[in-house]
Amino acid sequence: MATCAHISAARLAPATASSEVYKEECTLCFDSQDLSQGIDVCLSCFNGGCLHNERQHAQLHYRKTKHPIVLNIKRIAKPKQRDGSEPPAKITKLAIEEERDEDLFDFITTPKCYECGQAELDPTTEPLAQVIASVMTALSAKKQSEVKAWQEEIVSCAHTQNLEQGEKRPLEAQALAHCNQCELKDNLWLCLTCGNLGCGRQQYGGVGGNGHGLAHYDSCKHPVAVKLGTITPEGTADVFCYDCGEERVDPQLGKHLANFGINIAQQQKTEKSLTELQVEQNLKFDFSMTTEDGKMLEPLFGPGYTGMKNLGNSCYMASVLQALFALEPFQRRYNSMAHHVANCYERPAQCFQCQMAKLADGLLSGRYSQPKEVLDGDGERRGQEGITPAMFKALVGKGHPEFSTMRQQDAQEFFQHITSLIEQKERSTGSDVASNFKFSLEQRLQCLQCERVRYGTEGSSSLTLRVPAKKKEQPSGTDDTLKSAQFEPVDFQECLATVFSDDIRDYKCPHDKCDVQASYTTRFKTFPEILVCTMSRFVLGADWVTEKLTAQINAPLELDLERLRGHGHQENEELFAENTDESDATSPQVDDGALQQLMSMGFPEIRCKKALLATGNNGAEVAMNWLFEHMDDPDIDTPLAASSAGVAAASNSDIQQLADMGFTPAQAKRALTETGNNMERAVDWLFSHADAMDTDETSAEPSSVTDTRPAKYRLTAFVSHKGTSTHCGHYVAHCYRDGRWALYNDNKVVEVPDISKAIGEAYMYIYSRVA
């Protein structure tokens, strides 16, 4: 082994707790330390690079950074040891615990110097030995992001901080044996005010409960309860505040339990926490991997058939990404990024384009879609390892209140998030593939008395369609739980009609100065290259409880939207005079009927108007769902059309800063005016209003381009959800490739010969325009 002068020149420093050490996989591809060549970890910046002959990302990193000293790491799995002992009859402590790598794997490490032609170095040389030790013991960047994401932001509240308890009274062991009102012995909640023990509600995974704990709160209004069996000596437990309706932290849990003679130091965790139950249930949700006659669906391998490992609750992300990379524009853009990768000097793990290129290579190359060596019962290799999108998730979720966590999320919301990121990152490159989703809706209003008309335009990147589901009539005696799940099939055209049907509404005519009726019509002004239709399957049912509409939707494989094409102002139509009524011309128009319906429920008028505008005036039901999702928005009560009077003019430096991002000066000036010259809000405003900005502010928009191509589409992919809520359950994607349909269920990819049932259960449909 060589003694290298470049070690001292490199000024190496050990990795710290905050260092991001990419030692598990290459930052530019999914080659990992488990491959025979291992991974080269830069000991200057801790970047990980592969050694594959065709890619040589470790060599590329050296060429860019001139960091010569690396540590090659190879990981080899140890044989599993089985001692033959039976598992314990009852788990005494249950938690999500980290398995130590040294117990599962052997590691081979070799320090090298690229400046010396990759000559091997003496690992005992200082400071090399200290740096190597710090890398091997450091938490990898992947695990750092996972740990951070899993840490739910559960906090204390006024009710746990200022809890008032009754007189001190130790509880006998028999008083803690079962619910005070029934014989249930699990899922028990102790009221921290009076010591009442009540069973909880039914939970994930079939955990029973009759809701006697909630009944106690309803009668006594004692707000805080702790779940027995989840208490640990460290002072953690499932604590629930009924007043807040949220999980909370009790900073004085030990003191509160001592009031009932319970020594927290002697407690052991014997039951699953609420988080663990949700994670377990989400992983158990599974879509059928068999045909109707019970045969296993045929697994698919090779280019385009690579699965993605579930990171715990990441199926929403995986399903959307599989659908996106089934689309030709995404394949063309991100599977041909070699020039960018070779010349990008940003840290690969922090570069959006590099990570999209890495994802495209992982999904489309076929290198990571190989049959496992493990055989199933029939002696056939069924599965594949797939790729782990942890680095990508950490990047696109960074700073986001929801996508940075490991909680389950809504696939449609992630679609909007990722396309917004693409638009933001690709605006200056001229390669914005998210523009393929954009279209404009033409809104036509005609007064039925004076017959004058007004046209408006609204930009969008997807359609949200209500599902006009009707429950089937069930014979008397049918179980109520079965009744709620039975709906009549719904035709896709019925869903389209919830947006595009003609509507008669009350209207104050600015010409006749009186209350009349007017017809409202919505049509496509422009058509997208890729049409995304999200079905509004989650609605508020009885008792304000979210209900999922499980109705089968008869969605077509081929869709013709020509009848929904708008034709704009016609020669025989008389337009309303400009500025006839200035307040009407400047105020956003909402559905008055839906507005009154929402206001009758107790929602403030400004919130109702915002909800209706945000959901495209698609009715009170859709707007109500939006209201519940955005109750905590900081600007929920901000007036819709605040006057710009009194707002200082935007500074040239702010305008230039936005212009450097690819916006025109006019767009930048308008965004700053709309947001009170707040730069951060102006950026958000620009991306959320990109389609709706006036034509005179969008210099790059063609002046007179008419789309005469047929509005015909073919179904390319659809995303489905199984579960009762968007925030639990499981997502999968079906994609059409090579003349067949494939199901992408995490890292399982199989051919589906008959999709007739699956297509009717979809949550998002993605149609590609036929050339």
Side-chain angles (χ1 to χ4, degrees), residues 87-97 152 154-281:
K90 182 176 177 65
I91 298 175
T92 56
K93 184 172 183 179
L94 184 84
I96 301 175
E97 298 179 347
E152 299 254 8
I154 301 176
V155 297
S156 60
C157 65
H159 308 103
T160 58
Q161 294 169 359
N162 306 309
L163 181 69
E164 295 184 4
Q165 294 184 288
E167 293 184 7
K168 189 172 183 177
R169 63 180 190 96
L171 297 174
E172 300 294 333
Q174 61 185 20
L176 299 174
H178 61 80
C179 173
N180 289 350
Q181 297 185 45
C182 69
E183 295 302 314
L184 284 180
K185 298 180 180 180
D186 296 309
N187 189 18
L188 301 179
W189 292 79
L190 178 70
C191 172
L192 291 178
T193 300
C194 68
N196 177 77
L197 192 65
C199 60
R201 291 164 280 190
Q202 286 195 359
Q203 296 174 353
Y204 310 103
V207 177
N210 297 316
H212 290 139
L214 177 60
H216 173 73
Y217 165 74
D218 288 337
S219 62
C220 302
K221 298 303 177 186
H222 296 168
V224 183
V226 61
K227 185 181 180 183
L228 298 186
T230 67
I231 305 169
T232 69
E234 294 76 26
T236 62
D238 274 357
V239 176
F240 193 84
C241 177
Y242 289 104
D243 276 355
C244 298
E246 297 283 353
E247 283 186 75
R248 294 300 187 197
V249 170
D250 183 354
Q252 302 182 71
L253 182 61
K255 174 186 173 183
H256 293 152
L257 289 172
N259 196 62
F260 305 110
I262 300 174
N263 185 347
I264 194 170
Q266 297 176 353
Q267 299 303 301
Q268 288 295 317
K269 190 171 185 291
T270 59
E271 291 192 21
K272 299 177 182 180
S273 68
L274 295 176
T275 300
E276 290 165 350
L277 287 166
Q278 180 177 351
V279 171
E280 180 183 87
Q281 183 66 4

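Keep in mind it's a predicted model, so treat the numbers as computed, not measured.
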What is the distance from atom CG of Leu163 to atom NE2 of His222, rounded to the nearest 0.5 Å? 9.5 Å
Could you check Ile264 against Ile231 for side-chain contact (heavy atoms from CB on, under 4.5 Å), going step by step and ending with a plain yes or no? CA-CA 7 Å; Ile264 194 170; Ile231 305 169; 3.8 Å; yes
When every non-hydrogen atom of Phe240 is compared with those of Gly245, the smallest separation belongs to CZ-C, 3.6 Å
Please give me the minimum heavy-atom distance between Cys199 and Trp189, naming the atom from each residue. C-CD1, 4.4 Å
Listing, residues 251-263 side-chain donor-acceptor contacts under 3.5 Å, not counting sequence neighbours, or none:
from   : atom 1 : to     : atom 2 : distance (Å)
His256 : ND1    : Asp250 : OD1    : 3.3
His256 : ND1    : Asp250 : OD2    : 2.7
His256 : ND1    : Gln252 : O      : 3.3
Asn263 : OD1    : Ala265 : N      : 3.0

Determine yes or no for a side-chain-to-main-chain donor-acceptor pair under 3.5 angstrom, with Thr230 supplying the side chain and Asp238 the backbone. yes
Are the side chain of Arg248 and the backbone N or O of Ala158 linked by a donor-acceptor pair below 3.5 Å? no
Measuring from Cys191:SG to Tyr242:OH, what's the distance to the nearest 0.5 Å? 8.5 Å
Distance (rounded to the nearest 0.5 Å) between Cys179 SG and Leu184 CG: 6.5 Å
Counting only heavy atoms not in Lys168, do more than 12 fall under 6.0 Å of its NZ? no
So does Cys182 get a backbone contact from the side chain of His178, meaning a donor-acceptor N/O pair under 3.5 Å? yes
Val226 side chain near Val239 side chain, heavy-atom distance below 4.5 Å: yes
Could you state the interatomic distance from SG (Cys194) to CZ (Arg169), rounded to the nearest 0.5 Å? 6.5 Å
Taking side chain as C-beta onward, heavy atoms only, is Leu171 less than 4.5 Å from Leu197? no
Checking Thr236 now: which residues fulfil side chain to side chain contact (heavy atoms under 4.5 Å, CB included) with it, not counting sequence neighbours? Thr232
Yes or no on side-chain contact (heavy atoms from CB on, under 4.5 Å) for Glu164 and Thr193, after CA distance, side-chain angles and deciding distance? CA-CA 6 Å; Glu164 295 184 4; Thr193 300; over 6 Å; no
Could you tell me if Tyr217 and Asp243 have a donor-acceptor pair between their side chains, going purely by distance under 3.5 Å? yes
